[in-house]
Amino acid sequence: MLEHESISNPTHSKTTGLPRKRFYRARAHSNPLSDSHFPVPISPSQFDLTLHYPHYFPSPDKSDGSKKIEFADIGCGFGGLLISLSTLFPDKLMIGMELRDKVTEYVKERVLALRTSNPGQYENVSVVRTNSMKYIPNYFEKGQLTKMFFLFPDPHFKEKNHRRRVISPHLLDEYAYVLRVGGIIYTITDVEELGEWMTSCLDGHPLFEAVSEDELVADPVVKLLSTATEEGQKVERNDGQTFRAVYRRIGSCVPH
Amino acid sequence: MEDNHMEENEQKLEKEVAPALIAVHPNQLSVTVSIGSDLRVFNLHDGSGAKLLDENGGHKDSIRAIRYSKSGRFFVSAGDDKLVKFWDTNSWHCFCSVVSEKRVTSLAISNDEMFVCFADKFGMVYVVDIRDYNYENQGSVNKKAVPILSHYCSIITRLEFSPDGKYIVTADRDFKIRVTVFPKEPVNGAHEIQSFCLGHTEFVSCIAFVSSQDCAQGLLVSGSGDSTVRLWDYASDTLLDTCDVGAKAGLLNSNQGQEEMVPAVTDLCAASDGSLVAVAIQSLPGIMLLSCNLSARTLSIAKVVAVKGETFIPTSIGASFSIPLLWMVMGASSLHNTDSTLLARVRVISGFGSNQSEPVSHETSVLEDTEIPGGEPLLQELQGKLSIGEEAFSTAAEAVKTAMRNLLIKKNYSAERREVRKKGRNDKKNQSPA
């Protein structure tokens, strides 16, 4: 059966059934300003979870309404972090958001292959192709998420392109909206200037406060930031430095 | 060859014809019409046109938004010339001109008249603090605009303050309505999003609050390119009701051809007693009235008020707070460069809501030119001419419709056209430096 599959599906490995990265390569950069044509749910209630988590949502009417996605990996790339988180938090639903078509396909195939070869596992993870800078409120309700990840985002070096950065003072308003009070935002980069930028944006935002060093040490997720992804592993191989900014969503204390 | 031709046409249309706008002083002391870069004011309290005084010569390009403050003390106008101008309504002197980085699409004034917010074509919303303006000495003031929030890379079509002043609501071209807490010190930004009202399936073109003395918090109504008007409990992002106005107005053509272009809602105006909402729709010669029940939280179609004797498709509507008249204007900035005065047509409908003394009747009627407040002198001043020819308007209505569609509906290029457009990109490494 595997042989037959390999003939009709050269993009997947014969032995593991996992997709081969070289068939899913894409440019590292994608323009977040362009209006690509992919379907976006009109509102979070219209987000069809039966496609993503068939184990938990077998059909539209037979859904467990209490289970909601809690972790979102923004710009998930080839899915390294999500795959690690899936077994670390088997009861939590999580999703990756990625702008690049081919890369999203790769993650989809990877998840499907893992579900097949590990029955009962990886049912809690999925990926969606979307522009999270424009459509986050379409996918998540107010205060729905408990963790958001921004791993090695595109630095957009030129000053005129700084507005394309995924962490910015105004976009943080939306991330604060979808994050529950007490929820955590995790960011990491190997570009020092970007690390300073993200820290300064988060520091300057009234709804986020820095997570203490003690808590960072105790959080099992923090280690994954630099080791779980392709990008992170590359940085480690080259003995590069990484810059982390991990913040907690706090309640509003602004008078109004 | 054909592609070049298409590209040119698009550019011409994108010269963006601007619709004529109308605003009414809250106590109907004056009425203002803007058309192109022209601002025309008629003072109803003394029956004459007002002369606008501006050292910088007024607006230089199409005006896109106009507004009276809640008490009527000042008036704000802004548009394609990237200027936001503040006018004292007693002297009609421009006491402040704020520069915007990009072209302004809409503006709103806080109920306490301390702040003016405006939005631009790139989704940025700014605030100007005018608390310290001295109405007595009426000198000019210098103010800077501070960014407070943003809809990422989306055109903001409207912004409004909630009746209790707690929130600022912004609507955009990506079908979204965002309700944000408006803090006491907005110069630090408006970071706390209260809710998103999501449900429209096309660009949101206009929003308005419906409130009454019994329901001070009010509800939000929104009009969209999807041809519906929706009613929202905005603080909890609950969709309460949807009215299919395009269908009900009998405007949906089954024989449209390839593209099903449903008529977009272009403007909304709520009566001050919270009982009615007037809706202007593309291709509808007249107004649709929706009746709103604030306690039951419902919105339903009451009737269509047709304007007889002429094809009058309003481009903007407005009303005062105290007098139940709906003012409407139809007009557009010229497509071609002509020296002739830009023409607009003004009509008024009575019975829009109720006076405190009279009971709610909903007997609406379109007033004749001689019956409207200000009469013929007002029409002469605001229209540019007393009687307007029919031909002038059919082109104006079509031009405004096309302009709105080009601006707000996402272009759906075929795969081949996308490839051609990509070739024109200037960020490729192997292109020779200019």
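Since the model is a prediction, treat every value here as computed from it, not as a measurement. Naming: A, B, ... by sequence-line order, numbering from 1 per chain. Below, each value reflects all heavy atoms present in this structure, side chains not excepted, and no hydrogens, waters or symmetry copies.
In this structure, OG on A:Ser45 lies 9.5 Å from CG on B:Leu239, to the nearest 0.5 angstrom. A distance of 11.0 Å separates CE in B:Met124 from CZ in A:Arg163, rounded to the nearest 0.5 Å. Between atom OG of residue B:Ser150 and atom CG of residue A:Leu171 there is a gap of 6.5 Å, rounded to the nearest 0.5 Å.
Only the backbone of A:Pro169 comes within contact range of chain B, judged by heavy atoms closer than 4.5 Å. Contacts between B:Phe175 and chain A at a heavy-atom distance below 4.5 Å involve the side chain alone, from C-beta outward. Neither the backbone nor the side chain of A:Glu141 comes within less than 4.5 Å of any heavy atom in chain B. For a residue to count as touching a neighbouring chain, one of its non-hydrogen atoms must lie under 4.5 Å from one of that chain's; by this rule B:Tyr167 does not touch chain A. Using a 4.5 Å cut-off between heavy atoms, B:Asp237 touches chain A through its side chain atoms alone.
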Quick one, A:Leu172 with B:His191, criterion side-chain contact (heavy atoms from CB on, under 4.5 Å). Give me CA distance, side-chain angles, the key distance, then yes/no.
CA-CA 8 Å; A:Leu172 282 176; B:His191 295 288; over 6 Å; no

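For NZ of A:Lys142, the number of neighbouring non-hydrogen atoms (other residues, nucleotides, ligands) closer than 6.0 Å is greater than 12. Heavy-atom contacts from other residues, nucleotides or ligands closer than 6.0 Å to CD of A:Glu215 number more than 12.
Between B:Leu149 and A:His170, the shortest heavy-atom contact is CA-ND1, 3.5 Å. When every heavy atom of A:Pro137 is checked against every heavy atom of B:Leu198, the shortest pair comes out as O-CD1, 3.3 Å.
Ring-plane geometry between A:Tyr177 and B:Phe196 is classed as perpendicular, the angle between the planes exceeding 60 degrees on a 0 to 90 degree scale with a lower cut at 30.
A donor-acceptor distance shorter than 3.5 angstrom exists from the side chain of B:Lys176 to the backbone of A:Lys134, with no hydrogens or angles considered.
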